[in-house]
Peer 1: 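Handing you this structure, nothing more for now.
Counting from 1, the numbers follow the sequence of the chain as shown.
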Amino acid sequence: MAVALLLLGGCDPLVNVEGAFFPAWLVSGISGVVGLAVTWSVFRRIGIDQHLLIRPITYICILVLYTTLVWLVFYAN
């Protein structure tokens, strides 16, 4: 099982960005962080941020949501 995991580690899709190839999970993660930053600024501007009970958990869940959505929309077959 461990050998299979090591051999399959490079089987993720690659994205060509300005001639350099990046793994799709990296592009999805960066997109999730950007989406989280936009959501955080909107929440702060309209006043929702101060009413959140557990802010770190909420923002981590939003990050995972955006990252997963980008992966599913652009890279899932």
Side-chain angles (χ1 to χ4, degrees):
M1 181 72 124
V3 174
L5 289 175
L6 289 174
L7 294 175
L8 294 175
C11 293
D12 57 341
L14 296 176
V15 179
N16 187 0
V17 178
E18 297 293 327
F21 290 99
F22 292 97
W25 62 265
L26 184 64
V27 175
S28 298
I30 292 171
S31 301
V33 170
V34 169
L36 174 64
V38 169
T39 302
W40 176 75
S41 65
V42 169
F43 280 5
R44 298 235 344 149
R45 187 170 301 255
I46 63 177
I48 292 176
D49 184 60
Q50 63 188 355
H51 298 293
L52 295 175
L53 295 176
I54 306 172
R55 286 185 190 133
I57 301 293
T58 302
Y59 287 123
I60 288 171
C61 289
I62 291 171
L63 173 68
V64 170
L65 172 74
Y66 286 147
T67 302
T68 306
L69 284 175
V70 168
W71 175 268
L72 288 174
V73 169
F74 294 110
Y75 304 110
N77 292 330

Peer 1: Backbone N or O of V64 within a donor-acceptor pair of the T67 side chain at under 3.5 Å?
Peer 2: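 Such a contact is absent between T67 side chain and V64 backbone.
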
Peer 1: Looking at every heavy atom in both R55 and Q50, which two are closest together, and how far apart are they?
Peer 2: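 That would be NH2-CA, 3.2 Å.
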
Peer 1: Determine, using the 4.5 Å side-chain heavy-atom cutoff (strictly less than), whether F43 and V33 are members of one ILVMFWY cluster.
Peer 2: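 Cluster IDs for F43 and V33 match.
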
Peer 1: Applying the 4.5 Å side-chain criterion to the ILVMFWY set and letting contacts propagate, would W71 and L69 be lumped into a single cluster?
Peer 2: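 Each belongs to a different hydrophobic cluster.
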
Peer 1: Out of I57, I62, L63, which residue meets the side-chain contact (heavy atoms from CB on, under 4.5 Å) rule with Y59?
Peer 2: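 Testing Y59 for a side-chain contact (heavy atoms from CB on, under 4.5 Å) against I57, I62, L63 leaves exactly one candidate, I62.
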
Peer 1: Is there a continuous path of hydrophobic side-chain contacts, each under 4.5 Å between heavy atoms, that joins I46 to W40?
Peer 2: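 Yes, I46 connects to W40 through the hydrophobic network.
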
Peer 1: Do F74 and V27 come within less than 4.5 Å of each other through their side chains, counting heavy atoms only?
Peer 2: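 No, their side chains stay 4.5 Å or more apart.
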
Peer 1: Distance-only, no hydrogens or angles: does the R44 side chain make a donor-acceptor pair with backbone N or O of D49 under 3.5 Å?
Peer 2: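 No: the side chain of R44 does not pair with the backbone of D49.
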
Peer 1: Please report the interatomic distance OG1(T39) to CG(L65), rounded to the nearest 0.5 Å.
Peer 2: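 Between T39 OG1 and L65 CG, I get 8.5 Å after rounding to 0.5 Å.
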
Peer 1: Count I, L, V, M, F, W, Y as connected when their side-chain heavy atoms are under 4.5 Å apart, and connections chain through other members. Are L36 and V70 then in the same cluster?
Peer 2: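 Different hydrophobic clusters.
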
